[in-house]
Amino acid sequence: METENSVPVIDLQDFPRQSSKFIKVCEEWGCFRILNHDNILPVSLMAEMREVVRTLFDLPTEIKKCNKDVIAGSGYMSPSEKNPLYEALGLYDMSSPEDVDAFCTQLDASPQQRETIKKYAAAIHGLMMDIMRKMGEGLGLENVSFEDWPSQFRINKYHFTPEAVGSSGVQIHTDSGFLTILQDDENVGGLEVMKKSGEFVAVDPWPNTLLVNLGDIGTVWSNGRFYNVKHRVICKEAKIRWSIASFLLGPREIAVEPPPELVDAEHPRVYVPFTFQDYRKLRLSTKLQAGEALDLMRTNL
Ligand SMILES: O=C(O)CCC(=O)C(=O)O
Ligand SMILES: [Fe+2]
């Protein structure tokens with residue numbers, strides 16, 4: 001049930017009726033649960049993918065280490081001293097068949113696992129494009145396309161132990177790209193999103209649905225309208241937790257620009273033009289991980 005203190009819910013089959021609610025949610029929360037995506041990403045494929053994720057993490061460490069970074073942090077991350085509970089595998093661009101193939105080869109994926117990963121990558125891309133189309137329509141925009149934007153893929157495993165209860169699995173951050181689709185664990189919670197008021201709200205598991213977060217590039221593209229939601233993962237119980245994250249990043253090579261309809265005398269340009277790659281470097285070099293790096297890109301500095 002949706003309350004004032006729970007993540008809003010968007011039913012993808014109820015458009016254009018939910019269009020204005022959808023835009024409001026992007027502005028006020030920067031995060032929402034989506035329901036009824038089955039025609040694009042079937043729940044059976046979500047279940048198959050979950051099984052693939054489980055088995056990939058069971059691979060020997062030597063194999064997981066073959067999942068090299070393409071951009072900083074895109075490949076294997078082993079549990080570390082700083083973050084002993086967290087492990088991740090990933091690839092830079094799931095919209096590139098070559099990148100998906102390379103990922104599967106690095107991890108010795110079976111033909112069946114490869115098939116599932118490819119189907120999942122294609123379905124997630126379709127879902128991202130559907131959400132972005134609805135967003136464009138909600139804002140009354142014409143001619144916006146996100147088709148050729150890269151999307152990073154990351155699978156996360158949290159080794160939550162009894163001693164770890166109360167400690168952090170992933171520290172507070174915003175996602176750097178435009179939009180993230182998260183298939184969160186069906187049973188084990190721990191993700192918390194921060195409301196504009198500063199209050200954290202737990203994202204309770206809700207099987208067969210997906211969570212969407214808006215990131216820093218979403219704020220830039222919308223000329224400051226959309227909220228880049230801060231979030232973190234806390235260990236709430238001593239169980240393994242999984243999540244599958246797909247990040248629509250930003251335009252390839254060219255600068256992020258708001259559509260002309262979103263810039264006028266009353267809404268002057270909030271950010272200078274910059275590329276996603278440069279922004280990512282800035283985030284890494286300044287270690288400003290919770291959206292603060294955007295303040296360095298304001299036009300009115
Ligand atoms: O595991 C989760 O629920 C969230 C992970 C996350 O925030 C991320 O990968 O950016
Ligand atoms: Fe995140």
Side-chain angles (χ1 to χ4, degrees), residues 6-7 29-34 46 49-50 53-54 56-57 67 69 71-80 82-94 124 128 150-160 164 167-195 200-219 226-237 239-250 276 279-280 283-284 287-294:
S6 66
V7 170
W29 280 79
C31 114
F32 47 93
R33 276 253 176 231
I34 50 173
M46 288 170 68
M49 190 62 199
R50 202 162 43 240
V53 165
R54 232 183 274 272
L56 291 182
F57 278 113
N67 176 216
D69 278 2
I71 55 170
S74 70
Y76 181 53
M77 214 174 288
S78 59
S80 63
K82 185 168 166 251
N83 206 348
L85 309 176
Y86 176 75
E87 187 178 8
L89 291 159
L91 71 110
Y92 166 54
D93 184 9
M94 64 199 295
I124 284 282
M128 284 172 169
S151 29
Q152 196 176 339
F153 178 67
R154 184 158 67 220
I155 55 184
N156 304 309
K157 180 175 183 181
Y158 301 87
H159 301 259
F160 289 155
S167 67
S168 164
V170 168
Q171 294 191 343
I172 186 161
H173 67 281
T174 58
D175 293 342
S176 55
F178 194 126
L179 171 144
T180 307
I181 298 184
L182 187 78
Q183 180 178 336
D184 53 334
D185 197 289
E186 296 212 301
N187 305 303
V188 185
L191 176 62
E192 296 182 341
V193 297
M194 197 173 158
K195 288 175 55 168
F200 277 105
V201 172
V203 179
D204 294 327
W206 186 343
N208 302 330
T209 70
L210 296 157
L211 188 82
V212 175
N213 287 334
L214 300 185
D216 296 351
I217 296 296
T219 301
F226 291 168
Y227 184 57
N228 47 345
V229 64
K230 294 186 182 70
H231 53 286
R232 66 181 181 188
V233 178
I234 298 284
C235 169
K236 297 245 165 95
E237 49 180 326
K239 284 191 181 153
I240 297 287
R241 178 175 186 273
W242 312 86
S243 68
I244 307 173
S246 309
F247 306 91
L248 182 67
L249 299 178
F276 177 71
Y279 181 63
R280 183 113 152 183
R283 262 182 65 133
L284 285 173
K287 296 199 167 68
L288 297 172
Q289 295 296 333
E292 309 89 338
L294 277 188

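Numbering of ligands and ligand atoms starts at 1, following listing order. For the numbers below, each heavy atom of this structure counts, side chains included, while hydrogens, waters and symmetry mates do not.
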Under 4.0 Å between a Lys/Arg side-chain N and an Asp/Glu carboxylate O for [X] and [Y]?
X    : Y    : answer
D185 : K239 : no
E192 : K236 : yes
D184 : R33  : yes

Please confirm whether [X] approaches ligand 1 to less than 4.0 Å, judged on its heavy atoms.
X    : value
L182 : yes
D184 : no
R232 : no

Determine whether the side chain, the backbone, both or neither of V233 has a heavy atom under 4.0 Å from any heavy atom of ligand 1.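 Side chain only; the backbone of V233 stays clear of ligand 1.
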Per-residue contact class, D175 against ligand 1 - non-hydrogen pairs under 4.0 Å: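 The answer is the side chain of D175.
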Nearest-neighbour protein heavy atom for atom 3 (O) of ligand 1, which is reported as residue plus atom name and distance: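 Protein heavy atom with the smallest distance to atom 3 (O) of ligand 1: R241 NH2, 2.9 Å.
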Distance to 0.1 Å, residue and atom name: give those for the protein heavy atom nearest to atom 8 (C) of ligand 1.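 The closest one turns out to be R154 NH2, 3.7 Å.
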Does some side-chain heavy atom of H231 sit less than 4.5 Å from a side-chain heavy atom of H173?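 In contact.
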Side-chain contact test, heavy atoms from C-beta onward, threshold under 4.5 Å: evaluate it for F276 versus I217 and give yes or no.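 F276 vs I217: side chains touch.
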Which atom name does D175 have for its N/O/S atom nearest to the Fe ion (ligand 2)?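 Nearest N/O/S atom: OD1.
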Please give the atom name: the N, O or S atom of H173 nearest to the Fe ion (ligand 2).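 Relative to the Fe ion (ligand 2), the closest nitrogen, oxygen or sulfur of H173 carries the name NE2.
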Any nitrogen or oxygen of H231, side chain or backbone, less than 3.5 Å from one on ligand 1?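 There is such a contact, yes.
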Under 4.0 Å from any heavy atom of N156, which atoms of ligand 1 are there?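 Contacts of ligand 1 toward N156, numbered from 1: 1 (O), 5 (C), 9 (O).
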Should one rank Y158, W242, Y86 by closest heavy-atom distance to atom 1 (O) of ligand 1, which comes out on top?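 Minimum heavy-atom distance to atom 1 (O) of ligand 1 goes to Y158.
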Whether R241 engages the ring of F160 as a cation-pi pair (distance to the six-membered ring centre under 6.0 angstrom, angle to the ring normal within 45°) should be assessed.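 No, R241 does not lie over the aromatic ring of F160.
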What are the two closest heavy atoms between A88 and N156, and how far apart are they?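 Minimum heavy-atom separation between A88 and N156: CB-OD1, 3.8 Å.
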Checking H159 against I240 for the side chain to side chain contact (heavy atoms under 4.5 Å, CB included) test, could you report, in this order, the C-alpha distance in whole Å, the side-chain angles of both residues, the deciding distance, and whether it holds? CA-CA 5 Å; H159 301 259; I240 297 287; 4.0 Å; yes
